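As structure tokens, the structure follows; a few thoughts come after it.
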Number of protein chains: 2
Amino acid sequence: MSGFDEREAAWIALNQTRTRIFSRAERALVAAGFPRLHWYDVLWELERAPDGLRPKQLEQQLLFDQSSFSRQVARMAEDGLLTRHAATGDARGKILRITDKGRALRLQMWDIYRVHIDEGIAEAQKTGAFAALKRLDD
Amino acid sequence: MSGFDEREAAWIALNQTRTRIFSRAERALVAAGFPRLHWYDVLWELERAPDGLRPKQLEQQLLFDQSSFSRQVARMAEDGLLTRHAATGDARGKILRITDKGRALRLQMWDIYRVHIDEGIAEAQKTGAFAALKRLDD
DNA sequence: AAAAAAAACATGTAAATGCATCTAAATAGA
DNA sequence: TCTATTTAGATGCATTTACATGTTTTTTTT
């Protein structure tokens, strides 16, 4: 059984790799005039949900702060990337659905994002950043 | 050689695991009245640098935005967690050094942080989140 | 050595974040 | 069924972020 030091080392590798990729991808997205990755994540989740999603679901899935997410959704709706319908059977709730514009934007963002994922993971492999992770027992 | 789909799967696992751990740890830190993890990271880097560090170095290492970091350092200095000396030999620059108060705070934060790293990595192992990572060639 | 370019850090400002709180609707309890 | 509690989502407000730009000092170019 792996002790804590192993887990700590795995965490550091994990965190550094994700931060590097995330940071580069965001820079590239902003430079290209696109929104940031947390907008991307919302578009992606909505695209995979044909019947739409409740804000609460999405917020828990993506681990977003409720109030920040509420405003993010409002901005994304303003930009025409998603729609907010009343939820049938729950007058408090909303159903979020991606729009065609949202789908198109996600694709454009993905073209940039994927390059950085690919390069970043390849780099991590090359520099042995995953060694600590592979050392963990299953 | 692993294709892109493998790398993409590895990224998703990586990102989800890190987000889960990060988010839980931050919640716990805030609940305990402590600063967030990007403060922790600065304290940790400074603690490992006996001669101190230039803001520029730190900012590049941690991939922070320059202007945000400049203000973060100011706040941390106000709180007495670090000091800003003039850099010898470069009148533009500063040297950041951790204080005893900063060291003490880092330890307290670590007590909380480590629990979430440990639990989160263990959980990721158990649920097979690292399978995609282990599948990558070296 | 003077002028031009770059580097390190700070700051003005607008937008985003997050805690606390609010409203309205749904569910649980008495 | 009437009341108390919980849940979904929005919003007020203070803090933080990040882009653009400013200031000072260092380095490079001519």
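From a predicted model like this one, the values you see are computed outputs, not experimental measurements. Below, chain A is the first sequence line, B the second, and so on; all start at residue 1.
In terms of polar N and O atoms assigned as donor or acceptor, the side chain of B:S70 never comes within less than 3.5 Å of the base of C:dC9 in a complementary pairing.
In this structure, the nucleotide among C:dC9, C:dA20, D:dA18 sitting nearest to the side chain of A:R36 is D:dA18. Across D:dT11, D:dT17, C:dG18, the shortest atom-to-atom separation from the side chain of B:R75 is found for D:dT17. When distances are taken from the side chain of A:R84 to each of C:dA26, D:dA10, D:dC19, the shortest belongs to D:dA10. Listed candidates were C:dA10, C:dT17, D:dT24. Nearest to the side chain of B:Q66 is C:dA10.
Rounded to an integer number of Å, the gap from A:F69 CZ to C:dT17 P is 12 Å. Atom CD in A:E78 sits about 12 Å away from atom P in C:dA15, given to the nearest Å. In this structure, NE2 of A:H85 is placed 14 Å from P of D:dG9, rounded to the nearest angstrom. A:Q72 places its CD atom 10 Å from the C1' atom of C:dA16, with the value rounded to the nearest Å. The distance from atom NE2 of B:H38 to atom C1' of D:dT15 is 11 Å, rounded to the nearest whole Å. The nearest whole Å value for the distance from the CG atom in A:D65 to the P atom in D:dG9 is 14 Å. As rounded to whole Å, 17 Å separates atom C1' of C:dC9 from atom CZ of B:F64. Going from atom NZ of A:K94 over to atom C1' of C:dT23 covers 12 Å, rounded to whole Å.
Nearer to the 5' terminus of DNA chain C, by closest-nucleotide assignment, is the contact made by B:G93 (compared with the other of B:G93 and A:R71). Take the nearest nucleotide of DNA chain D for A:I95 and for A:R27: the residue whose nucleotide is more 5' is A:I95. For the pair A:E26 and A:R92, nearest-nucleotide mapping onto DNA chain D gives the more 5' position to A:R92. Nearest-nucleotide positions on DNA chain C for A:D90 and A:W39 put A:W39 closer to the 5' end.
Ring geometry for A:F64 against A:F69 counts as tilted: the plane angle lies between 30° and 60°, on a 0 to 90° scale.
A salt bridge does not link A:R7 to B:E119: none of the charged nitrogens lies less than 4.0 Å from a carboxylate oxygen.
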Requested in this report: Would you sort out whether B:R27 and B:S23 count as a side chain to side chain donor-acceptor pair (under 3.5 Å), showing the intermediate values?
Outcome: CA-CA 6 Å; B:R27 244 179 269 288; B:S23 168; 3.0 Å; yes
For this session: Check the pair A:R114, B:E8 against side-chain contact (heavy atoms from CB on, under 4.5 Å), reporting the backbone distance first and the verdict last.
Result: CA-CA 8 Å; A:R114 70 178 310 167; B:E8 185 188 337; 5.5 Å; no
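Dashed line: the shortest gap from a side-chain N or O of A:S68 to OP1 or OP2 of C:dA16 is not under 4.0 Å.
Base pairing annotation: D:dA20 forms a Watson-Crick or G-U wobble pair with C:dT11, both donor-acceptor distances under 3.5 Å.
Side-chain contact check for B:I117 versus B:W110: some heavy-atom pair is nearer than 4.5 Å.
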